[in-house]
Amino acid sequence: MLKSANMPNPLLPICISGLRLIRGDRAVLAGVNLTIDEPGITVLMGPNGAGKSLLLRSLHGLITPDQGRINLGSLTVADSRTEQAMVFQQPVLLRRTVLQNLAFAAPKTAKTDRQRLIQALESVNLLDRADQPARMLSGGEQQRLALVRALLGEPALLILDEATASLDPASVLLIESLVKTQNVQGTKIILVSHDQGQARRLADEIVFISNGQVAEQSPADRFFTEPRTPEAKAYLAGEIVV
Amino acid sequence: MDALSEAFRLIITLDEDLFEILWLSIRVSLSALTIAAVIGLPLGTYLAITRFPGRKFCILLLNVLMGMPPVVVGLMVYLLLSRAGPLGWMGLLYSPTAMIIAQAVLITPIIAALSNQVIESLHQEYSDTFYSMGVTGGRAVAAYLVDARYALTTCILAGFGRAIAEVGAVIIVGGNIDHLTRVMTTAIALETSKGNLTLALSLGAVLLALSLLVNALVIGVREYAQKRQYA
Ligand SMILES: Nc1ncnc2c1ncn2[C@@H]1O[C@H](COP(=O)(O)OP(=O)(O)OP(=O)(O)O)[C@@H](O)[C@H]1O
Ligand SMILES: [Mg+2]
């Protein structure tokens with residue numbers, strides 16, 4: 001659990017080496033080598049099917065790669081599990097009320113701390129919906145709830161896979177500001193986005209994935225002004241690349 | 001027509017014989033249902049969320065057992081409980097307990113197989129999120145049972161409907177003894193064969209009403225859940 005922004009993040013640096021994942025007869029991750037020691041926000045970009053989701057799912061422990069190693073600080077993926085949280089493109093909420101969804105995710109020690117849950121709901125403008133069935137919320141509201149739920153455990157690493165892909169601009173900005181605040185408080189953020197505006201607003205660092213490999217890793221300002229690889233140039237120009 | 005109006009009279013005057021039979025039917029089926037739910041729900045859930053070799057075979061077996069004809073179940077329980085059988089020393093044959101056992105054997109696979117399907121589709125939806133949240137083991141099982149509560153209620157109602165309407169198993173192990181093991185379905189069978197259509201018809205009407213009630217409950221529960229996106 002994170003206590004202060006001044007303490008070094010226990011999950012950094014993230015070292016991924018020689019990561020391979022075979023699906024069918026194809027290497028969908030074809031030897032990913034990546035070191036992330038940037039404590040800010042890392043945005044993964046790349047064309048559809050490049051392997052971004054699979055890479056993040058491997059990092060989170062949802063899939064086991066066929067080859068390669070992942071270390072987070074001094075920890076393995078399995079040991080870092082309680083320090084990580086992930087928000088998916090489609091939020092999955094329990095068939096319970098909004099407040100009960102949060103209570104279910106709250107660490108057992110904080111069980112009596114109703115005040116904290118109320119504050120969390122307030123931070124995403126959902127307090128007046130506390131007692132409604134969570135799955136009756138709109139898509140954007142559900143995603144906001146999924147995000148505060150993920151943050152309840154004060155993760156050292158928060159992963160978002162296209163978490164704002166189908167939300168309206170206001171919801172997107174609200175989620176972005178929460179993510180930024182959380183990063184300032186010391187949580188490492190890695191997210192996937194196809195939205196160049198969002199990447200410019202959030203990213204400290206861009207990792208460009210193509211064909212199951214890391215094609216480019218650059219500071220955000222440099223990536224958008226002078227991408228080094230032809231794949232990244234084509235992607236930014238809106239051309240179809242694979 | 002005479003028989004029909006007489007049957008109606010039996011029901012509205014709360015005829016003692018009729019209600020004795022009705023009460024025993026409900027007692028036997030509810031007891032069997034309790035046993036079946038206590039075994040079937042955790043079994044169905046466990047098979048839905050764990051992975052081990054032979055799991056698919058277990059699910060296949062449940063589905064086969066689910067379609068087992070009641071007379072076959074009755075015969076098996078009869079062999080088990082008859083004087084020469086392995087449990088013969090307990091002297092349970094031709095008692096309500098024997099009927100409860102037979103019905104429990106009959107509907108446990110039904111409840112297990114139906115709840116397995118329910119939990120399995122919920123598991124597909126929840127498993128990544130539960131993994132991410134570190135929800136495992138008993139906490140996961142409990143969460144699945146709570147979140148599937150409405151669908152599981154309809155599974156249980158289906159089990160009750162099957163048990164209360166079943167005749168083949170209870171007639172073999174119960175013997176349809178007056179004032180002891182006579183339930184609605186066995187009474188209907190006997191009274192019809194004796195030509196006493198009055199009691200048979202009134203019992204038939206009650207059985208029909210019960211089945212109507214169970215199905216209305218199923219629909220009601222389903223609609224309630226759907227309205228709240230809890231289905
Ligand atoms: N189980 C699977 N079997 C076969 N191929 C798979 C499987 N899972 C993923 N793939 C393939 O792996 C590739 C990478 O998938 P991934 O979901 O990581 O892409 P992505 O970069 O996240 O794309 P998008 O931007 O569309 O989300 C895709 O071509 C996909 O078809
Ligand atoms: Mg993806």
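Protein chains get the first letters and strands the later ones, always in sequence-line order, with residue 1 at the start of each.
Inter-residue side-chain proximity for V146(B) and R96(A) is flagged as met; some heavy-atom pair is nearer than 4.5 Å. Contact annotation: the side chain of Y131(B) approaches that of R81(A) to within less than 4.5 Å [non-hydrogen atoms, C-beta and beyond]. D128(B) has its side chain out of reach of M86(A): every pair of non-hydrogen atoms, C-beta onward, lies at least 4.5 Å apart. Under the 4.5 Å side-chain criterion, counting only non-hydrogen atoms from C-beta, V92(A) is not in contact with F130(B).
Taking a 6.0 Å sphere around CD of Q132(A), one finds it holds more than 12 heavy atoms contributed by other residues, nucleotides or ligands. In the displayed structure, Y46(B) atom OH is contacted under 6.0 Å by at most 12 heavy atoms of other residues, nucleotides or ligands. Within a 6.0 Å radius of CZ in R149(B), other residues, nucleotides and ligands contribute more than 12 heavy atoms. In Y78(B), the OH atom is not crowded: 12 or fewer heavy atoms of neighbouring residues, nucleotides or ligands sit closer than 6.0 Å. The environment of F52(B) atom CZ is dense: over 12 non-hydrogen atoms of other residues, nucleotides or ligands sit within 6.0 angstrom. Within 6.0 Å of atom CZ in F8(B), 12 or fewer heavy atoms from other residues, nucleotides or ligands are found, so the atom counts as exposed in its surroundings.
D147(B) contributes no side-chain N or O that, together with a main-chain N or O of L94(A), makes up a donor-acceptor pair within less than 3.5 Å.
Chosen from R95(A), M136(A), H60(A), R149(A), the residue pairing most often with chain B at heavy-atom distances under 4.5 Å is R95(A). The most heavy-atom pairs under 4.5 Å with chain A, out of A148(B), S132(B), G134(B), A143(B), come from S132(B).
Here the shortest heavy-atom pairing between L93(A) and Y126(B) reads O-OH, 3.6 Å.
For a heavy-atom cut-off of 4.5 Å, chain A lies close to K227(B), R228(B), Q229(B), Y230(B), A231(B) in residues 224-231 of chain B. Residue-level contacts of residues 158-172 of chain B with chain A do not occur; threshold 4.5 Å between heavy atoms.
Neither the backbone nor the side chain of L152(A) comes within contact range of chain B; no heavy atom of the residue lies under 4.5 Å from a heavy atom of that chain.
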